[in-house]
Asker: 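Quick one: structure below, then a few questions.
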Amino acid sequence: MEISRRKFLGTSAAAAAALTFDRSASAATPRISVIDRARVSEPAFQPVVVASANGIRGVARAYDMITRQNADTLDAIIAGVNIQELDPEDQSVGLGGLPNEEGVVQLDASCMHGPTKRAGSVGALEDIATPSLVAKAVMDYTDHIMLVGAGAKKFALEMGFKEQNLLTEKSRRDWLRWKACLNPVDNWLDTRSDSAASPPPTASLSFDDPLHVKFTTGTINMNAVNAAGDMSSVTTTSGLSWKVPGRVGDSPIIGAGQYCDNSVGAAGSTGRGEANIKVCGAFLIVEFMRQGMSPDQACMKTIDRVIAMTERRLLDPAGRPLFDLQFYALHRDGRFGSATAYEGARFSVADASGARLVPMKFKFARSERPQMPEVRCRRA
Ligand code: ASP
């Protein structure tokens, strides 16, 4: 059985220890047994998968694929996010994602494969439920990194992806309700009673902007490291609900929605993309980890940078953001962390202790969260 150079180097300390033992214990111990002992010693890196809270099923699947099936980290995390992309009940990604202002679902996704230093991305992709896989196909089959709009869809169809209507009945109704709530003196009536109204999507966080128009955000980001220290990252989303057609957020932006440097770590984001794009959040987190910060510290320092870079209209009088944004980080050495502005959010982790939700570090206590304005509707 061959042992790779990386694995051999990674276990060289254990091998050296075993050699020392063998020399002193018995000069007759065959040399091969020393190498075998090194092979079965602890892996050089601990496999870990981290994701946004809606990735709790996904991290379990990805961790299982990485540890039991020896799957590539990117294949594993894409299989993880595919669960949400194909779940019509998750209104923040893929099938069932909330549409743009014209009722059209437009999806963004990007990925990075650490060991081969490659990336792929799609923006404003319509009618294909798994933009994460299309982003990977851009990476695998083209010399480009990003395809958008009609070109991205044409490419996906050429790659064999299936075209389908992504607007579920639930998302269509929510879109109509948003239209009805948009302007109290226009011609759209809110025909739904409160009891008939859908609860907000569980996987999503929301904010109300100062114009009293409710937008909903939600996305899934996932990052992984395997026992060889190889890493990948992926982010996929239907973006900001009711967005202007053609708007792309941070998710498909390499360095904002996700980033992976195989020698350092991986990071990603969910929440208000416009706030993240300006600080290249995922890239910045990886750079902070490269400088020696822990994943938690790197995420929190990036939240600070976001606030420092936020325009006045999106801050309350005390300088607190009127939006949600979450960062997730995974160091190559297996440490993981996250941060967000306000108390209460959690993120998903899967490692040798199992898959679980972990509270995120926050900057402001729940009680400090600014009051968001009510959505005003004209009833039928
Ligand atoms: N970050 C996504 C975007 O801005 C939305 C979200 O995560 O909720 O498109």
Side-chain angles (χ1 to χ4, degrees), residues 50-55 58 81 84-85 87 90-94 96-101 104-111 121-126 131-132 135 146 148-149 152 166 171 174 178 200-209 213-223 233-259 267-285 299 302-303 306 309-310 314 321-328 338-342 345-348 360 372:
V50 303
S52 42
N54 54 347
V81 301
Q84 298 311 120
E85 289 179 325
D87 181 352
D90 187 332
Q91 293 180 287
S92 70
V93 247
L98 291 172
N100 65 21
E101 67 180 16
V104 177
V105 180
Q106 291 189 322
L107 306 175
D108 300 334
S110 65
C111 63
S121 164
V122 286
L125 174 67
E126 296 178 12
S132 62
M146 188 172 201
V148 301
L166 302 177
S171 290
D174 286 349
W178 167 77
T202 51
S204 306
L205 293 155
S206 63
F207 69 92
D208 302 294
D209 83 2
V213 178
K214 184 165 187 167
F215 292 87
T216 307
T217 56
T219 294
I220 181 166
N221 162 249
M222 196 174 292
N223 313 283
S233 52
V234 64
T235 298
T236 175
T237 190
S238 52
L240 194 62
S241 64
W242 337 130
K243 58 195 173 187
V244 174
R247 176 263 189 191
V248 292
D250 57 332
S251 306
I253 310 292
I254 311 292
Q258 56 78 40
Y259 192 73
S269 172
T270 60
R272 183 179 159 82
E274 282 76 2
N276 181 28
I277 290 172
K278 287 186 294 177
V279 304
C280 303
F283 178 79
L284 189 60
I285 290 166
C299 290
T302 304
I303 288 284
V306 167
M309 286 292 289
T310 293
L314 291 170
L322 292 166
F323 55 84
D324 284 303
L325 182 61
Q326 300 80 31
F327 289 120
Y328 317 92
S338 68
T340 184
Y342 297 106
R346 297 188 296 174
F347 70 114
S348 307
M360 298 180 76
M372 304 298 181

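Remember, it's 1-based here, ligands and their atoms both numbered in the order they're listed. All values reported here derive from a predicted model rather than from experimental measurement. Just so you know, residue 1 is the first one in the sequence shown, and it goes up from there. Values below: all heavy atoms of this structure, side chains included; hydrogens, waters and symmetry mates excluded.
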Asker: Check each atom of ligand 1 against the heavy atoms of L240 and keep those under 4.0 Å away; list them by number with element.
Answerer: 9 (O)
Asker: Mark yes or no for whether S110, through its side chain, and S251, through its backbone, hold a donor-acceptor pair below 3.5 Å.
Answerer: yes
Asker: I'd like to know if the side chain of S348 and the backbone of A53 have a donor-acceptor N/O pair within less than 3.5 Å.
Answerer: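 A pair under 3.5 Å: yes.
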Asker: Verify, without hydrogens or angle tests, whether D108 (side chain) and G249 (backbone) share a donor-acceptor contact under 3.5 angstrom.
Answerer: yes
Asker: Would you say the side chains of N221 and Q258 form a donor-acceptor pair under 3.5 Å?
Answerer: no
Asker: Provide the number and element of each atom of ligand 1 under 4.0 Å from a heavy atom of G271.
Answerer: 1 (N), 2 (C), 3 (C), 4 (O), 5 (C), 6 (C), 7 (O), 8 (O)
Asker: In terms of ring plane angle, is the pair F283 and Y259 parallel, tilted or perpendicular, where the classes change at 30° and 60°?
Answerer: perpendicular
Asker: Using atom types as modelled and distance alone, determine if a side-chain donor or acceptor of N276 lies under 3.5 Å from a backbone N or O of A256.
Answerer: yes
Asker: Assess the residue pair E274 and K243 against the criterion (salt bridge (Lys or Arg N to Asp or Glu O under 4.0 Å)); give the C-alpha distance rounded to whole Å, side-chain angles, the decisive distance to 0.1 Å, and a yes or no.
Answerer: CA-CA 12 Å; E274 282 76 2; K243 58 195 173 187; over 6 Å; no
Asker: Of the backbone atoms (N, CA, C, O) and the side-chain heavy atoms from C-beta on, which set of N276 has a member under 4.0 Å from an atom of ligand 1: side chain, backbone, both, or neither?
Answerer: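 N276 to ligand 1: no contact under 4.0 Å from either part.
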Asker: Can you list the ligand 1 atoms lying under 4.0 Å from a non-hydrogen atom of G239?
Answerer: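 Numbered from 1, ligand 1 contributes 9 (O).
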Asker: Need the ligand 1 atom indices (1-based, order shown) with element for anything under 4.0 Å from a heavy-atom of G249.
Answerer: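 Listed by number with element: 9 (O).
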Asker: Can you check which of R272, R247, K243 brings a heavy atom nearest to atom 4 (O) of ligand 1?
Answerer: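 Answer by nearest heavy atom: R247.
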Asker: Take every heavy atom of D108, measure it against each atom of ligand 1, and state whether any distance is under 4.0 Å.
Answerer: no
Asker: Check ligand 1 against T270 and write out every atom of the ligand that is under 4.0 Å from a heavy-atom position of the residue.
Answerer: 7 (O)
Asker: Considering distance alone, does some N or O of T237 sit under 3.5 Å from an N or O of ligand 1?
Answerer: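 It does not: no N or O of T237 is found under 3.5 Å from an N or O of ligand 1.
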